[in-house]
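The structure under discussion appears below in the form of structure tokens.
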Amino acid sequence: MEIVNVTNLKKLYGEFPAVNEVSFSIKQGEVFGFLGPNGAGKTSTINMMTGLSRPAGGQITIDRIDAIKDVKKVQKIIGVIPDENNLYDEMDGFDNLCFCASLYGMRKKEREKQALELLEQFNLTKTGKRPFKAYSKGMKRKLTIAAGIIHNPKILFLDEPTTGIDIESARQIRELVLDLKKQGKTIFITTHYIEEAERICDRIAFIVNGRIVKIGTVTELMESVDHEHKIKLQLDNGIEGIKKELEDNFSNCRIEIPDENSCLIISKERIALSPILQLLDNKGISVYEAKEIKPSLEDVFVKVTGIKASKLIKEKEKVGK
Amino acid sequence: MHASIAFWNILKKDIKNYYLKPPNISWGIIFPLSWTLMQLVRSQGSIGILGLLPGLMAMSVLFGTTSMLAVTITFERRGRSFDRLLLAPVSISTLVFAKILGAILFGIFNAFVPVVFASFFTDLSGVDWGIAVIAAVLIAITSALLGLLIAISAREVFEAQTFSNFFRFPMLFLCGLYIPINNLPQLLKPISFCLPLTYGTDILNATIAGNSIFDIIFNIIVMLAFAALLFYLCQRNIKKKWIL
Ligand SMILES: Nc1ncnc2c1ncn2[C@@H]1O[C@H](COP(=O)(O)OP(=O)(O)OP(=O)(O)O)[C@@H](O)[C@H]1O
Ligand SMILES: [Mg+2]
């Protein structure tokens, strides 16, 4: 069942369309990811869905509520973890969490119980009495996430939860997202880490220049681009001499030799291995291993968007500082 | 129920985080105190403490509330923590009420600093304090809303402070605090009557100094009308400027 429906969503800043006719839906209990470079419109989309910004056009339905007209109703059932930590610098972790819970009408006893539990769960109990501004970046991020889930929301919005923090904290956060999914929460997450999207999202949308260019499960995305079949052979040396012969015999294949002990066979069609192996065998070359090389999500992203994945990440790290 | 929990906690947080911070408390005491002293020294008793008190009270409220709102709102907006309030299932009007109530209470506290001070020097028993409190409350409400209106438009704390000074200083001279409105140039008089502070000061003048232009009830009604108008403008601008 679909719990979130977005159709033709549009956001203009002046004349500039930051989000342009974006449509997608999220199924109940799924982790849905927005993957895109800086300025793609990820945050703008989240802001419109959570009531921080007004769309120029389109519809948003969340749990059958019109999220543009009845923002306050929707806000009761959603939790938002923004791209920038937005807790109160002067207040300690515990007070921050309790305050956030109070905004959702939670009573004192309940707030305090939840806050303590979350501090424990996020390994922040020891620092619970330190002011937020004295937290490290990773700790700040974790507390911000805790603050976003303290009222037990049905749907979660996470805007780049792992940008700019250390590897270990990022790993913990990814695990937490999967935990929340196990608890049955629906999760909308934005990221610029392809790997992260691949690892935790059930479905991914590539967003570039305010438009969704592709949407699907990881497998669907992989299959969507027609890619070349690649087989890597591991052999003893001597391949150099027969490259031409291989190409002459198998004219639909391209041969690449990355190093003297291996050979890549590339073809638009599926590759029948036995004739190749036979030819090599006849030449006295032994094959120890044959491995199909599958395209990665990164390859798909590059192909679909025309954006180099490495460039995307580098830009982002600078911003993350 | 739900909304009232949020309301009290926003108010409590502001009081704890901002109003009860030592620099703000001392500002709330020292500022009215120094104005009081300055006026006393300057006038050398020619007007008398009772004549000065309404002006000092009104001014303390005006400065106290407007400067605090510039901080509690603009500062939180800059640090993005304000988004948290906008993301909460709390209506904008509850939010605005909670935010300004802190400033109003702070303003009322400010108003009575000069009174306590004056009580050492003069007999205040003839004053109807019930009415004085009503006046202080009304001035605090309108000033807080005015401060909010300014804070909504400002992006930086210093911007908010500068904007408020544009309003605050001219207001001091046009509201009959130091120059009776009847002595103002004809051209400026209409402006005076457009300022809520004029009516608040008039109530204080009536009860403390015993001279006023309008009837107290009339003043109260005008002040309430100003408050309603400002509240409406604030809400409208918030929706326009905060939810982009
Ligand atoms: N308040 C604003 N005024 C004008 N332009 C804006 C505003 N907010 C965002 N933009 C522009 O809209 C576009 C989309 O921005 P958005 O923040 O949604 O991107 P994003 O995908 O979240 O990027 P990032 O990965 O950097 O967070 C960008 O070109 C940005 O410059
Ligand atoms: Mg963003």
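Owing to the predicted nature of the structure, the values given are computational and were not obtained by experimental measurement.
Between chain A and the options B/Leu85, B/Val90, B/Asn9, the largest number of non-hydrogen pairs under 4.5 Å is found for B/Asn9. Contacts with chain B were tallied for A/Ile77, A/Asp95, A/Leu87, A/Thr50; A/Leu87 has the most, counting heavy-atom pairs under 4.5 Å. Options A/Gln75, A/Lys11, A/Lys73 differ in how many heavy-atom pairs under 4.5 Å they form with chain B, and the most are formed by A/Gln75.
The CD atom of B/Glu76 lies 10.5 Å from the CG atom of A/Asn86; values are rounded to the nearest 0.5 Å. Going from atom OH of A/Tyr104 over to atom CD1 of B/Ile5 covers 14.0 Å, rounded to the nearest 0.5 Å. To the nearest 0.5 Å, the span separating CG on A/Asn47 from CG on B/Leu87 amounts to 8.0 Å. We find the CD-OH distance between A/Glu90 and B/Tyr18 to be 8.0 Å, quoted to the nearest 0.5 Å. Atom CG in B/Leu86 sits 11.5 Å away from atom OG in A/Ser53 (nearest 0.5 Å). Between B/Lys239 atom NZ and A/Arg54 atom CZ the span is 8.5 Å, to the nearest 0.5 Å.
Neither the backbone nor the side chain of A/Ser44 comes within contact range of chain B; no heavy atoms are under 4.5 Å apart. Interface remark: B/Asn17 contributes side-chain atoms only to the contact with chain A (heavy atom separation under 4.5 Å).
Below 4.5 Å, heavy atoms of chain A meet no heavy atom from residues 93-117 of chain B.
Formation of a donor-acceptor pair under 3.5 Å by the B/Arg84 side chain with backbone atoms of A/Tyr88 is not found in this model.
Taking each heavy atom of B/Ala88 and A/Lys72 in turn, the nearest pair found is O-NZ, 3.0 Å.
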